[in-house]
Amino acid sequence: MKKPPFYKSVQFTIKGLIWILRNERNFQIEVFGLIINLFLIVFFGLNTFETCLILLVSFIVLITEVVNTCIEKICDYIQPEFDQRIGIIKDLSGGAVLLATIVAVCAGALIYWPYLKLLFH
């Protein structure tokens, strides 16, 4: 099978990202979190390192959510009926998103705390 040209591959990728943005509530919430972080980066004037760290953890959450959704869709395709083993696989992939989110929240708290203290003093 012939591989599509690069621009077609990019189009397919964008199509997938648009699909997940339209159809997955958790991804929408996480994108909203990224938008809030972009605002806070500008508002507080974060330095380059802090900005990179916030963007890194934010995108790790988004990436794990995409992978989680892929795993769930594959599991649903393979086994549409309830199966305890499939449930464990889905729980594990959801757990990866939760772990990424915990890291992101901790990093955000550590980075934003000094700026918030200055803002309210």
Report task. Following the transitive rule for hydrophobic clusters with a side-chain heavy-atom cut-off under 4.5 Å over Ile, Leu, Val, Met, Phe, Trp and Tyr, establish whether Val31 and Ile14 coincide in one cluster. Result -> no
Query raised in the report: Within a strict 4.5 Å, meaning less than it, do heavy atoms of the Leu40 and Leu46 side chains meet?
Result: no
Query - Co-membership, hydrophobic cluster, residues Tyr77 and Ile20, 4.5 Å side-chain - result: no
Please list, one pair per line, the donor and acceptor atoms closer than 3.5 Å that link side chains of residues 98-120 to other protein atoms, with sequence neighbours excluded.
| residue | atom | partner | partner atom | Å |
| --- | --- | --- | --- | --- |
| Thr101 | OG1 | Val97 | O | 2.8 |
| Tyr112 | OH | Asn37 | OD1 | 2.7 |
| Tyr115 | OH | Glu50 | OE1 | 2.5 |
| Tyr115 | OH | Glu50 | OE2 | 3.3 |

Name the atoms and distances for all side-chain donor-acceptor pairs under 3.5 Å in residues 66-76, with sequence neighbours left out.
| residue | atom | partner | partner atom | Å |
| --- | --- | --- | --- | --- |
| Asn68 | OD1 | Ser93 | OG | 2.5 |
| Asn68 | OD1 | Gly94 | N | 3.2 |
| Thr69 | OG1 | Glu65 | O | 2.9 |
| Asp76 | OD1 | Lys90 | NZ | 2.4 |

Query raised in the report: To the nearest 0.5 Å, how far apart are CG in Leu53 and CG in Asn47?
Result: 10.0 Å
Report summary line: Note: with side-chain heavy atoms under 4.5 Å as the link, the other cluster members for Tyr7 come out as none
Report task. Work out which heavy atom in Val61 is nearest to a heavy atom in Thr64; give both atom names and the distance. Result -> O-OG1, 2.9 Å
Query raised in the report: Rounded to the nearest 0.5 Å, what separation is found between the CD1 atom of Ile41 and the CD1 atom of Ile36?
Result: 12.0 Å
Query raised in the report: Is there a side chain to side chain contact (heavy atoms under 4.5 Å, CB included) between Phe32 and Ile29 once you walk through the steps?
Result: CA-CA 5 Å; Phe32 182 65; Ile29 292 167; 5.5 Å; no
Query raised in the report: Taking atom CD of Gln11 and atom OG1 of Thr13, what is their separation to the nearest 0.5 Å?
Result: 10.0 Å
Query raised in the report: Do Ile35 and Val42 sit in the same hydrophobic cluster, where Ile, Leu, Val, Met, Phe, Trp and Tyr count as joined when their side-chain heavy atoms come under 4.5 Å apart?
Result: no
Requested in this report: Could you list who else is in Leu92's hydrophobic cluster, with ILVMFWY side chains joined at under 4.5 Å, directly or through other members?
Outcome: Ile88
Query raised in the report: Going hydrophobic residue to hydrophobic residue with side-chain gaps under 4.5 angstrom, can you get from Phe39 over to Phe44?
Result: yes
Query raised in the report: Please, which pairs that meet side-chain hydrogen bond (donor to acceptor under 3.5 Å, both in side chains) have at least one residue in residues 19-31, sequence neighbours excluded?
Result: none
Report task. May I ask whether Phe27 and Ile18 are part of the same hydrophobic cluster, defined by side-chain heavy atoms of I, L, V, M, F, W, Y residues being less than 4.5 angstrom apart, directly or through others? Result -> no
Report summary line: Connected to Leu56, directly or through other members, by ILVMFWY side-chain contacts below 4.5 Å are Ile60
